[in-house]
Amino acid sequence: MNITITYYTNKNSGDFESLWVSWLTQSMGLQPQPEDLAEVQNPVENYIRNGGMVFYANNETNCVGVVAVKKLIEEDYEFCKLVVDEAAR
């Protein structure tokens, strides 16, 4: 499987929410909390604007993974909401 890594764009913005909610409900048996939904629905406001980024792992046809990188302070970052589609694991 050939995987490429891309940054957040308006074109792939819905992939973050789709993959994360699917993972949470199917793998963990949980429903997303409103604050978590707000984060994945608006990654620009919650990660990128503050110096972080959202990265997407894509195969030939679609997004199979996503991770948000949140800037904490200075040079400190945290990986958030790392998700890989079940079929790509």
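Since the structure is predicted, the reported quantities are computational estimates derived from the model, not experimental observations.
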Just grab all the ring pair (Phe, Tyr, Trp, His ring centres under 6.0 Å) pairs involving residues 56-89, residues at least two apart or on different chains. none

Residue pairs fulfilling side chain to side chain donor-acceptor pair (under 3.5 Å) with at least one residue in residues 61-71, sequence neighbours excluded: Asn59-Thr61, Asn59-Asn62

Mind checking what makes side chain to side chain contact (heavy atoms under 4.5 Å, CB included) contact with Ser22, not counting sequence neighbours? Gln26

For Asp76, which residues count as a side chain to side chain contact (heavy atoms under 4.5 Å, CB included) partner, sequence neighbours excluded? Leu72, Ile73

Can you give me the closest heavy-atom contact between Val54 and Ile48, atom names plus distance? N-CG1, 4.3 Å

Any salt bridge (charged side-chain N to carboxylate O under 4.0 Å, His left out) involving residues 25-37? Give me the pairs, sequence neighbours left out, ordered by first then second residue. Asp36-Lys81

Side chains of Asn2 and Glu60: does their closest heavy-atom pair fall under 4.5 Å? yes

With a 3.5 Å distance limit and no angle check, can you tell me whether Asn12 reaches the backbone of Thr9 through a side-chain donor-acceptor pair? yes

Ser13 side chain to Asn10 backbone, donor-acceptor under 3.5 Å: yes

Tell me every residue that passes side chain to side chain donor-acceptor pair (under 3.5 Å) with Glu86, counting only those two or more places apart in sequence or in another chain. none

Quick one: are Tyr47 and Met53 in side-chain contact, heavy atoms under 4.5 Å? no

Report yes or no: do Leu30 and Val21 belong to one cluster of Ile/Leu/Val/Met/Phe/Trp/Tyr joined by side chain heavy-atom distances under 4.5 Å? yes

Between Tyr8 and Val44, is any pair of side-chain heavy atoms under 4.5 Å apart? yes

